[in-house]
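The next block holds one structure in the form of structure tokens; read it before the comments.
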Amino acid sequence: MRLQARGVRTLQEDGNCILVLDQTQLPQKVVFARLTDVQTVAAAIRDMQVRGAPLIGATAAYGVAMGLAADNSDTSLQHILDVLAATRPTAVNLHWALECMRQTVCSLEPACRADAAWLEARRIADEDATANALIGKHGLELMRAHANGSRDIQVMTHCNAGRLATVEHGTALAVVYAAQYAGMPVHVWVSETRPRNQGLLTAWELAEAGVPHTLIADNAAGLLMMQARVDLVIVGADRVAANGDTANKVGTYLKALAAKAHGIPFYVAAPISSFDLNCPSGTGIQIEERMSAELTGATTAVFNPAFDVTPAELVSGFITERGVFAPYQIAPQAALWKA
Ligand code: MRU
């Protein structure tokens, strides 16, 4: 039985610990890793057993709860937050989740902190699943608007913004799943996503869900757009600045440029936890640089940024749990979201 068909989440509670689907083992093996404390949670995020902005945030939240179960002092709380915050810099969901956890527990009696933290982590995880289901619902309207009656709607995505990257449903792929569920014929162009090949994760989960898809090398995206074989591009986000500039997996920017050149709509699907309204523009987003060994076979100097920033003017709209917004609407809407 397939994981998706069984509704198995990528992150599950297991007593006082959590189980996470180990993404470093996919697509060859489906293995759940048991994370038991702050150290195992931090390592799982840093080493990308757990990856994707929303899932990183939820996993870190449980890490705080497990850390407080071991030591609920103020000093320990700060240490736990520091250790987890240092794992990956770009995905704002991590820092958002840690701030939710800090606010939940900091003014409580130490003895009450671990239980309150566990409940808050559960709330963050459940909220992610709910938000992503709504992203699918709002995105479905867009899909209908872009549907070409004579053939399958052709969606291009990048990296993995699917259920593997979230607690449930995915963001960009939540839209695809909603379309499939609604009976709309859909085909997904999946870019390989060098150097970590998250596209293979996307292909794996689309295959599990029975969604027609085709894997391409990253460099093939422009040709497909030029040949009018892409109706719209939908990607996820690791951090959206207040002006709509969007950090996502490296290579996203090139897809956005190509889409603009060919008049193809380019959408970012992201929960509100991915919006960093304290960051005015993309220049303020820290881009994670990862180890040179990820570029396999390289025997020369290596620059390996994990993300890039797509300027807001290249984004047709943001598909969120609150609806679809143009980049210029982000800042005014934010006041409502935060109210
Ligand atoms: O380095 P990763 O694999 O964690 O990067 C993931 C991405 O860039 C995703 O596109 C993004 O987190 C959105 S996931 C819903």
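Both ligands and their constituent atoms are indexed starting at 1 by order of listing. Index from 1, following the sequence.
Distances between N or O atoms of His158 and those of ligand 1 include no value under 3.5 Å. For the pair Gly52 and ligand 1, the shortest N or O to N or O distance falls below 3.5 Å. Here's the thing with Thr171: none of its N/O atoms is less than 3.5 angstrom from an N/O atom of ligand 1. For a threshold of 3.5 Å applied to N or O pairs, the pair formed by Thr166 and ligand 1 contains no separation below that value.
Looking at Ser274, its side chain never comes within 3.5 Å of a backbone N or O of Ala270 through a donor-acceptor pair. Judged purely by atom type and a 3.5 angstrom limit, Lys255 has no side-chain atom pairing as donor or acceptor with the backbone of Val233. Looking at Thr171, its side chain never comes within 3.5 Å of a backbone N or O of Gly236 through a donor-acceptor pair.
Heavy-atom distances between Ala306 and ligand 1 stay at or above 4.0 Å for every pair. The closest approach between Arg88 and ligand 1 falls below 4.0 Å for a heavy atom of the residue. Residue Glu288 places every heavy atom at 4.0 Å or more from ligand 1. Pro54 counts as a contact of ligand 1, since one of its heavy atoms falls under 4.0 Å from the ligand.
Contact atoms of ligand 1 toward Ala161: 14 (S), 15 (C) (distance under 4.0 Å to a heavy atom of the residue). Against a heavy-atom cut-off of under 4.0 Å, Gln198 is close to the following atoms of ligand 1: 1 (O), 2 (P), 3 (O).
Contact annotation for Arg196 and ligand 1: no heavy atom of the residue comes within less than 4.0 Å of the ligand. Only the backbone of Asn160 comes within 4.0 Å of ligand 1, judged by heavy-atom distances. Counting heavy atoms under 4.0 Å from ligand 1, residue Ala172 does not touch it at all. Using a 4.0 Å cut-off between heavy atoms, Ala53 contacts ligand 1 through both its backbone and its side chain.
Under the 3.5 Å distance criterion, with hydrogens and angles disregarded, a donor-acceptor pair is assigned to the side chains of Thr202 and Asn160.
Looking only at protein heavy atoms, the nearest one to atom 14 (S) of ligand 1 is Ala165 CB, 3.5 Å. Nearest protein heavy-atom neighbour of atom 3 (O) of ligand 1: Arg51 NE, 2.5 Å. Nearest protein neighbour of atom 9 (C) of ligand 1, counting heavy atoms only, is Asn248 OD1, 3.5 Å. In this structure, the protein non-hydrogen atom closest to atom 7 (C) of ligand 1 is Asp238 OD1, 3.2 Å. Of all protein heavy atoms, the one lying nearest to atom 5 (O) of ligand 1 is Lys249 CE, 3.4 Å.
Between Glu288 and Arg88 there is a salt bridge, since a side-chain N of the basic residue sits under 4.0 Å from a carboxylate O of the acidic one. Note on Asp276 versus Arg239: salt bridge recorded, some NZ/NE/NH1/NH2 to OD/OE distance being below 4.0 Å. With respect to Asp71 and Arg113, no salt bridge is recorded, no charged nitrogen being found less than 4.0 Å from a carboxylate O.
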From CA spacing to verdict: ring pair (Phe, Tyr, Trp, His ring centres under 6.0 Å), Trp96, Phe275:
CA-CA 9 Å; Trp96 167 84; Phe275 288 73; over 10 Å; no
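A distance of 7.5 Å separates NE2 in His158 from NZ in Lys249, rounded to the nearest 0.5 Å.
The salt bridge (Lys or Arg N to Asp or Glu O under 4.0 Å) analysis of residues 169-191, with sequence neighbours excluded, yields no pairs. Residues in residues 29-50 take part in these salt bridge (Lys or Arg N to Asp or Glu O under 4.0 Å) pairs, two or more places apart or across chains: Asp14-Arg34.
Aromatic rings of Tyr267 and His146 (six-membered ring for Trp) have centroids within the 6.0 Å cut-off, being under it.
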